[in-house]
Amino acid sequence: MTRAAFTSVRSLVVKVGSALLQEGPAAFQRIADDVASLHRQGVRTTIVSSGAVALGRPKLGLHGGGLTLEQKQAAAAAGQTLLVDAWARAFEPHGLHTAQALITLDVTEVRRRWLNARSTLNTLLDLGAIPVVNENDTVATEEIRYGDNDRLAARVAQLVGADLLVLLSDIDGLYTADPREDPEARKLTDIPEITDDILAMAGEGNAEAGVGTGGMITKLAAAQIAAQSGCATAITHGAHDTPLLKLADARHGSWFSAPSAMRIGRTSWLAGAIDPQGEVRVDAGAGKAVRDGKSLLPVGVIGVSGQFERGDAVLIVSEQGQVIGRGISAYDADDARLIGGQKTDRIEEILGYKRAAALVHADDILLS
Ligand code: GLU
(Lines give C-alpha, C1' and ligand atoms only; values in the text may rest on other atoms or scores of the structure.)
Protein backbone atom coordinates (compact mmCIF):
# COMPACT_ATOMS: atom_id res chain seq x y z
CA MET A 1 0.00 0.00 0.00
CA THR A 2 1.30 3.42 -0.96
CA ARG A 3 0.46 6.73 0.67
CA ALA A 4 -2.03 7.50 -2.11
CA ALA A 5 -4.16 4.63 -0.75
CA PHE A 6 -4.33 6.16 2.77
CA THR A 7 -8.11 6.56 2.60
CA SER A 8 -8.55 2.87 1.90
CA VAL A 9 -6.81 1.77 5.14
CA ARG A 10 -9.16 -0.58 7.00
CA SER A 11 -6.99 -1.86 9.81
CA LEU A 12 -4.47 0.31 11.55
CA VAL A 13 -1.94 -0.17 14.33
CA VAL A 14 -0.64 3.00 15.98
CA LYS A 15 2.46 2.75 18.14
CA VAL A 16 2.90 5.59 20.55
CA GLY A 17 6.34 6.15 22.03
CA SER A 18 7.11 7.07 25.64
CA ALA A 19 8.79 10.34 24.69
CA LEU A 20 5.56 11.57 23.15
CA LEU A 21 3.46 10.81 26.21
CA GLN A 22 5.74 12.82 28.52
CA GLU A 23 3.62 15.83 27.57
CA GLY A 24 0.71 14.40 29.56
CA PRO A 25 -3.05 14.19 28.86
CA ALA A 26 -2.91 16.52 25.81
CA ALA A 27 -0.76 14.02 23.94
CA PHE A 28 -3.16 11.16 24.66
CA GLN A 29 -6.11 13.35 23.66
CA ARG A 30 -4.61 14.44 20.36
CA ILE A 31 -4.04 10.86 19.30
CA ALA A 32 -7.38 9.61 20.62
CA ASP A 33 -9.21 12.38 18.71
CA ASP A 34 -7.52 11.27 15.51
CA VAL A 35 -8.15 7.57 16.13
CA ALA A 36 -11.80 8.37 16.90
CA SER A 37 -12.30 10.17 13.60
CA LEU A 38 -10.75 7.25 11.72
CA HIS A 39 -12.95 4.90 13.75
CA ARG A 40 -16.02 6.82 12.53
CA GLN A 41 -14.79 6.15 8.99
CA GLY A 42 -14.70 2.43 9.74
CA VAL A 43 -10.98 2.03 10.42
CA ARG A 44 -10.26 -0.69 13.02
CA THR A 45 -7.49 0.67 15.21
CA THR A 46 -5.21 -0.99 17.74
CA ILE A 47 -2.90 1.16 19.85
CA VAL A 48 0.47 -0.13 21.01
CA SER A 49 1.45 2.19 23.80
CA SER A 50 4.77 2.55 25.56
CA GLY A 51 5.06 4.71 28.61
CA ALA A 52 4.52 2.29 31.47
CA VAL A 53 8.11 2.55 32.69
CA ALA A 54 8.22 6.32 32.21
CA LEU A 55 4.94 6.85 34.10
CA GLY A 56 5.79 4.37 36.84
CA ARG A 57 9.23 5.74 37.73
CA PRO A 58 8.12 8.84 39.63
CA LYS A 59 5.31 6.88 41.26
CA LEU A 60 7.90 4.57 42.86
CA GLY A 61 10.47 7.29 43.52
CA LEU A 62 12.87 5.87 40.90
CA HIS A 63 14.38 9.19 39.83
CA GLY A 64 17.49 9.83 37.74
CA GLY A 65 20.06 7.43 36.30
CA GLY A 66 19.69 4.05 34.69
CA LEU A 67 17.42 1.42 36.18
CA THR A 68 18.09 -2.28 36.62
CA LEU A 69 15.85 -4.61 34.65
CA GLU A 70 13.96 -5.45 37.86
CA GLN A 71 13.42 -1.77 38.61
CA LYS A 72 12.15 -1.23 35.05
CA GLN A 73 9.76 -4.13 35.47
CA ALA A 74 8.53 -2.69 38.76
CA ALA A 75 8.15 0.76 37.20
CA ALA A 76 6.22 -0.74 34.29
CA ALA A 77 3.86 -2.54 36.66
CA ALA A 78 3.23 0.69 38.56
CA GLY A 79 2.92 2.81 35.41
CA GLN A 80 0.74 0.51 33.35
CA THR A 81 -2.38 1.34 35.36
CA LEU A 82 -1.77 5.07 34.80
CA LEU A 83 -1.18 4.42 31.12
CA VAL A 84 -4.40 2.53 30.47
CA ASP A 85 -6.32 4.99 32.59
CA ALA A 86 -4.98 7.89 30.52
CA TRP A 87 -6.04 6.16 27.29
CA ALA A 88 -9.49 5.35 28.66
CA ARG A 89 -10.02 8.99 29.64
CA ALA A 90 -8.88 10.24 26.24
CA PHE A 91 -11.39 8.02 24.40
CA GLU A 92 -14.25 8.63 26.82
CA PRO A 93 -15.45 11.88 25.18
CA HIS A 94 -15.80 9.95 21.92
CA GLY A 95 -17.91 7.24 23.54
CA LEU A 96 -15.23 4.68 22.74
CA HIS A 97 -14.05 1.92 25.06
CA THR A 98 -10.46 0.81 25.40
CA ALA A 99 -9.22 -2.63 26.44
CA GLN A 100 -5.83 -3.56 27.82
CA ALA A 101 -3.86 -6.40 26.20
CA LEU A 102 -0.46 -7.24 27.68
CA ILE A 103 1.53 -9.59 25.55
CA THR A 104 4.85 -11.37 25.66
CA LEU A 105 7.19 -12.51 22.94
CA ASP A 106 5.80 -16.04 22.95
CA VAL A 107 2.36 -14.69 22.09
CA THR A 108 3.53 -13.92 18.62
CA GLU A 109 6.04 -16.75 18.33
CA VAL A 110 3.98 -19.71 19.58
CA ARG A 111 1.22 -20.43 17.12
CA ARG A 112 -1.44 -21.45 19.59
CA ARG A 113 -0.98 -18.31 21.62
CA TRP A 114 -0.93 -16.33 18.40
CA LEU A 115 -4.38 -17.68 17.51
CA ASN A 116 -5.72 -16.91 20.97
CA ALA A 117 -4.40 -13.35 20.94
CA ARG A 118 -5.63 -12.83 17.40
CA SER A 119 -9.16 -13.90 18.24
CA THR A 120 -9.26 -11.73 21.36
CA LEU A 121 -8.00 -8.65 19.52
CA ASN A 122 -10.32 -9.26 16.57
CA THR A 123 -13.28 -9.74 18.88
CA LEU A 124 -12.48 -6.45 20.62
CA LEU A 125 -12.23 -4.72 17.25
CA ASP A 126 -15.49 -6.33 16.08
CA LEU A 127 -17.11 -4.94 19.22
CA GLY A 128 -15.88 -1.46 18.38
CA ALA A 129 -13.31 -1.24 21.20
CA ILE A 130 -9.80 0.16 20.93
CA PRO A 131 -7.26 -2.42 22.18
CA VAL A 132 -4.30 -0.82 23.98
CA VAL A 133 -1.37 -3.22 23.81
CA ASN A 134 1.92 -3.17 25.70
CA GLU A 135 4.53 -5.76 26.51
CA ASN A 136 3.92 -7.63 29.75
CA ASP A 137 7.09 -6.32 31.35
CA THR A 138 6.54 -8.26 34.59
CA VAL A 139 7.35 -11.58 32.95
CA ALA A 140 9.45 -10.36 30.05
CA THR A 141 13.07 -10.75 31.07
CA GLU A 142 16.03 -9.90 28.84
CA GLU A 143 16.13 -13.01 26.68
CA ILE A 144 12.39 -13.37 26.17
CA ARG A 145 11.29 -9.85 25.46
CA TYR A 146 10.79 -7.64 22.47
CA GLY A 147 12.37 -4.88 24.52
CA ASP A 148 11.05 -2.17 22.27
CA ASN A 149 7.52 -1.50 21.26
CA ASP A 150 8.38 -0.75 17.62
CA ARG A 151 8.93 -4.42 16.86
CA LEU A 152 6.12 -5.43 19.18
CA ALA A 153 3.83 -3.12 17.19
CA ALA A 154 4.95 -4.68 13.90
CA ARG A 155 4.10 -8.14 15.24
CA VAL A 156 0.73 -6.84 16.45
CA ALA A 157 0.16 -5.42 12.95
CA GLN A 158 0.74 -8.94 11.61
CA LEU A 159 -1.51 -10.38 14.29
CA VAL A 160 -4.52 -8.22 13.40
CA GLY A 161 -3.75 -8.23 9.67
CA ALA A 162 -3.27 -4.44 9.57
CA ASP A 163 -2.76 -2.55 6.30
CA LEU A 164 -0.90 0.27 8.00
CA LEU A 165 1.40 0.59 11.00
CA VAL A 166 2.03 4.13 12.19
CA LEU A 167 4.99 4.74 14.52
CA LEU A 168 4.28 8.01 16.29
CA SER A 169 7.48 9.44 17.58
CA ASP A 170 9.23 12.68 18.43
CA ILE A 171 10.79 12.78 14.99
CA ASP A 172 8.77 13.26 11.82
CA GLY A 173 10.39 10.61 9.70
CA LEU A 174 13.58 9.19 8.29
CA TYR A 175 16.26 11.72 7.36
CA THR A 176 19.23 11.18 5.09
CA ALA A 177 21.39 12.16 8.09
CA ASP A 178 20.79 13.25 11.69
CA PRO A 179 18.91 16.57 11.25
CA ARG A 180 20.21 17.84 14.61
CA GLU A 181 23.77 17.64 13.35
CA ASP A 182 23.63 17.97 9.58
CA PRO A 183 21.92 21.03 8.05
CA GLU A 184 21.88 19.24 4.70
CA ALA A 185 19.77 16.41 6.11
CA ARG A 186 16.64 15.83 4.06
CA LYS A 187 13.55 13.90 5.03
CA LEU A 188 12.54 10.98 2.82
CA THR A 189 8.79 11.11 2.29
CA ASP A 190 7.92 7.96 0.37
CA ILE A 191 10.15 4.89 0.46
CA PRO A 192 9.13 2.08 -1.91
CA GLU A 193 11.62 -0.42 -0.49
CA ILE A 194 13.92 -0.69 2.53
CA THR A 195 17.30 -1.09 0.89
CA ASP A 196 20.74 -1.25 2.52
CA ASP A 197 21.15 2.46 1.75
CA ILE A 198 17.97 3.23 3.64
CA LEU A 199 19.09 1.09 6.59
CA ALA A 200 22.42 2.92 6.66
CA MET A 201 20.57 6.22 7.10
CA ALA A 202 19.12 5.07 10.41
CA GLY A 203 22.59 5.35 11.95
CA GLU A 204 23.12 5.02 15.65
CA GLY A 205 21.00 8.03 16.65
CA ASN A 206 18.24 7.42 19.12
CA ALA A 207 15.47 9.97 18.79
CA GLU A 208 13.99 8.93 22.11
CA ALA A 209 17.17 8.65 24.15
CA GLY A 210 16.56 8.46 27.88
CA VAL A 211 12.81 7.85 27.64
CA GLY A 212 11.90 5.13 25.20
CA THR A 213 14.09 2.35 23.94
CA GLY A 214 13.47 2.29 20.20
CA GLY A 215 15.53 4.42 17.84
CA MET A 216 15.35 4.75 14.07
CA ILE A 217 17.00 1.35 13.61
CA THR A 218 14.23 -0.46 15.46
CA LYS A 219 11.66 1.56 13.53
CA LEU A 220 13.09 0.34 10.24
CA ALA A 221 13.23 -3.20 11.61
CA ALA A 222 9.54 -2.81 12.46
CA ALA A 223 8.80 -1.55 8.95
CA GLN A 224 10.58 -4.60 7.51
CA ILE A 225 8.56 -7.01 9.68
CA ALA A 226 5.30 -5.28 8.74
CA ALA A 227 6.20 -5.31 5.04
CA GLN A 228 6.57 -9.11 5.14
CA SER A 229 2.83 -9.18 5.74
CA GLY A 230 1.90 -6.55 3.19
CA CYS A 231 1.50 -3.87 5.85
CA ALA A 232 2.82 -0.38 5.06
CA THR A 233 4.57 1.64 7.79
CA ALA A 234 4.61 5.36 8.43
CA ILE A 235 6.95 7.10 10.85
CA THR A 236 5.71 10.50 11.88
CA HIS A 237 5.76 13.12 14.61
CA GLY A 238 3.00 12.66 17.15
CA ALA A 239 3.13 16.09 18.73
CA HIS A 240 1.12 17.91 16.03
CA ASP A 241 -2.64 18.04 15.77
CA THR A 242 -4.17 15.22 13.73
CA PRO A 243 -0.88 13.35 13.31
CA LEU A 244 -2.63 10.37 11.71
CA LEU A 245 -4.94 12.23 9.32
CA LYS A 246 -2.03 14.40 8.17
CA LEU A 247 -0.35 11.30 6.75
CA ALA A 248 -2.53 11.63 3.64
CA ASP A 249 -0.30 14.63 2.83
CA ALA A 250 3.18 13.74 1.59
CA ARG A 251 4.73 16.62 3.56
CA HIS A 252 4.16 14.64 6.74
CA GLY A 253 6.11 11.64 7.93
CA SER A 254 8.00 8.98 6.03
CA TRP A 255 5.89 6.32 4.36
CA PHE A 256 7.31 2.84 3.70
CA SER A 257 5.15 1.13 1.12
CA ALA A 258 4.44 -2.57 1.18
CA PRO A 259 3.67 -4.20 -2.13
CA SER A 260 0.26 -5.85 -1.98
CA ALA A 261 1.71 -9.05 -3.46
CA MET A 262 3.47 -9.37 -0.09
CA ARG A 263 0.07 -10.17 1.46
CA ILE A 264 0.72 -13.75 0.40
CA GLY A 265 3.64 -13.59 2.80
CA ARG A 266 1.25 -13.56 5.73
CA THR A 267 0.02 -17.06 4.99
CA SER A 268 3.42 -18.43 4.12
CA TRP A 269 4.79 -16.86 7.25
CA LEU A 270 2.05 -18.54 9.29
CA ALA A 271 2.14 -21.94 7.68
CA GLY A 272 5.62 -22.00 6.22
CA ALA A 273 8.11 -23.43 8.62
CA ILE A 274 6.18 -26.18 10.34
CA ASP A 275 5.35 -29.74 9.32
CA PRO A 276 1.71 -30.66 9.04
CA GLN A 277 0.65 -32.74 12.03
CA GLY A 278 -2.44 -34.24 10.47
CA GLU A 279 -4.76 -34.39 7.53
CA VAL A 280 -8.26 -33.10 7.02
CA ARG A 281 -10.16 -34.67 4.14
CA VAL A 282 -12.87 -32.49 2.63
CA ASP A 283 -15.80 -33.00 0.25
CA ALA A 284 -15.92 -31.47 -3.22
CA GLY A 285 -17.91 -28.42 -2.15
CA ALA A 286 -15.52 -27.56 0.67
CA GLY A 287 -12.53 -28.23 -1.60
CA LYS A 288 -13.85 -25.72 -4.12
CA ALA A 289 -14.58 -23.16 -1.39
CA VAL A 290 -11.01 -23.47 -0.06
CA ARG A 291 -9.57 -23.13 -3.56
CA ASP A 292 -11.72 -20.00 -4.00
CA GLY A 293 -10.11 -18.46 -0.92
CA LYS A 294 -12.84 -19.28 1.60
CA SER A 295 -12.51 -20.78 5.09
CA LEU A 296 -12.86 -24.51 5.67
CA LEU A 297 -16.08 -25.06 7.62
CA PRO A 298 -16.58 -28.25 9.67
CA VAL A 299 -19.57 -29.24 7.54
CA GLY A 300 -17.31 -29.96 4.56
CA VAL A 301 -14.98 -32.27 6.53
CA ILE A 302 -15.31 -35.99 5.75
CA GLY A 303 -12.28 -37.34 7.60
CA VAL A 304 -9.57 -36.33 10.08
CA SER A 305 -6.33 -38.22 10.60
CA GLY A 306 -3.29 -37.69 12.79
CA GLN A 307 -2.95 -36.11 16.21
CA PHE A 308 -2.77 -32.35 16.13
CA GLU A 309 -3.36 -29.60 18.59
CA ARG A 310 -5.23 -26.41 18.04
CA GLY A 311 -2.86 -24.12 16.13
CA ASP A 312 -0.94 -26.91 14.41
CA ALA A 313 -0.64 -27.07 10.66
CA VAL A 314 -2.72 -29.66 8.83
CA LEU A 315 -2.91 -30.75 5.23
CA ILE A 316 -6.23 -30.14 3.55
CA VAL A 317 -6.85 -32.95 1.06
CA SER A 318 -9.64 -33.76 -1.39
CA GLU A 319 -11.83 -36.87 -1.30
CA GLN A 320 -9.38 -38.40 -3.81
CA GLY A 321 -6.43 -37.63 -1.55
CA GLN A 322 -5.07 -34.74 -3.59
CA VAL A 323 -3.44 -32.03 -1.45
CA ILE A 324 -5.38 -28.76 -1.78
CA GLY A 325 -3.25 -26.80 0.66
CA ARG A 326 -2.12 -26.54 4.23
CA GLY A 327 -3.66 -24.55 6.99
CA ILE A 328 -3.75 -23.93 10.70
CA SER A 329 -6.44 -25.80 12.56
CA ALA A 330 -8.58 -23.86 15.00
CA TYR A 331 -9.52 -27.10 16.81
CA ASP A 332 -7.48 -30.10 17.94
CA ALA A 333 -7.78 -33.44 16.13
CA ASP A 334 -10.26 -35.03 18.57
CA ASP A 335 -12.58 -32.04 18.45
CA ALA A 336 -12.17 -31.76 14.66
CA ARG A 337 -13.36 -35.40 14.41
CA LEU A 338 -16.39 -34.60 16.54
CA ILE A 339 -17.46 -31.53 14.56
CA GLY A 340 -16.48 -32.90 11.12
CA GLY A 341 -19.53 -33.03 8.84
CA GLN A 342 -21.57 -30.89 11.24
CA LYS A 343 -23.00 -27.43 10.74
CA THR A 344 -21.14 -24.56 12.40
CA ASP A 345 -24.12 -23.70 14.61
CA ARG A 346 -23.85 -27.14 16.24
CA ILE A 347 -20.19 -26.71 17.35
CA GLU A 348 -21.05 -25.42 20.78
CA GLU A 349 -23.66 -28.09 21.42
CA ILE A 350 -21.20 -30.84 20.44
CA LEU A 351 -18.02 -29.57 22.11
CA GLY A 352 -19.45 -27.46 24.88
CA TYR A 353 -17.55 -24.46 23.54
CA LYS A 354 -16.99 -22.68 20.25
CA ARG A 355 -13.70 -21.01 19.39
CA ALA A 356 -14.21 -20.32 15.72
CA ALA A 357 -16.84 -20.84 13.06
CA ALA A 358 -14.29 -22.38 10.71
CA LEU A 359 -12.02 -25.36 11.26
CA VAL A 360 -9.37 -23.52 9.26
CA HIS A 361 -9.78 -19.79 8.66
CA ALA A 362 -9.19 -18.52 5.12
CA ASP A 363 -6.35 -16.30 6.35
CA ASP A 364 -4.57 -19.40 7.63
CA ILE A 365 -4.66 -21.41 4.42
CA LEU A 366 -1.81 -21.68 1.97
CA LEU A 367 -3.00 -23.31 -1.27
CA SER A 368 -0.70 -25.84 -2.94
N1 GLU B 1 7.10 -1.59 27.51
C2 GLU B 1 7.81 -0.36 27.75
C3 GLU B 1 6.94 0.64 28.49
O4 GLU B 1 5.75 0.63 28.36
C5 GLU B 1 8.22 0.34 26.49
C6 GLU B 1 9.23 -0.27 25.61
C7 GLU B 1 9.64 0.82 24.57
O8 GLU B 1 9.98 1.92 24.98
O9 GLU B 1 9.54 0.61 23.38
O10 GLU B 1 7.42 1.49 29.16
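When a ligand or atom number is given, it counts from 1 through the structure's own listing order. Values below: all heavy atoms of this structure, side chains included; hydrogens, waters and symmetry mates excluded.
- In this structure a side-chain-to-backbone donor-acceptor pair under 3.5 Å is missing from His94 to Leu96.
- Judged by distance alone, the side chain of Asp34 and the main-chain N or O of Leu244 form a donor-acceptor pair under 3.5 Å.
- Close approach of ligand 1 to Ser50 (heavy-atom distance below 4.0 Å) involves ligand atoms 4 (O), 5 (C), 7 (C), 8 (O), 9 (O).
- A side-chain donor-acceptor contact under 3.5 Å links Asp172 and Tyr175.
- By the 4.0 Å N-to-carboxylate-O rule, Arg118 lies close enough to Asp364 to be salt-bridged with it.
- Of the N or O atoms in Ala52, one or more lie within a sub-3.5 Å distance of an N or O in ligand 1.
- Ligand 1 lies less than 4.0 angstrom from a heavy atom belonging to Gly51.
- Between Lys219 and Asp150 a salt bridge is recorded (basic side-chain N to carboxylate O distance below 4.0 Å).
- Looking at Val53 against ligand 1, both its backbone and its side chain come within 4.0 Å, counting heavy atoms.
- Checked against a 3.5 angstrom limit, the closest N/O atoms of Asn149 and ligand 1 fall inside it.
- Which of Val16, Asp137, Val48 comes nearest to atom 2 (C) of ligand 1 through a heavy atom is settled by distance: it is Asp137.
- At least one N/O-N/O distance between Asn134 and ligand 1 falls below 3.5 Å.
- Side-chain contact check for Trp255 and Thr189: no donor-acceptor pair (N or O, by modelled atom type) lies under 3.5 Å.
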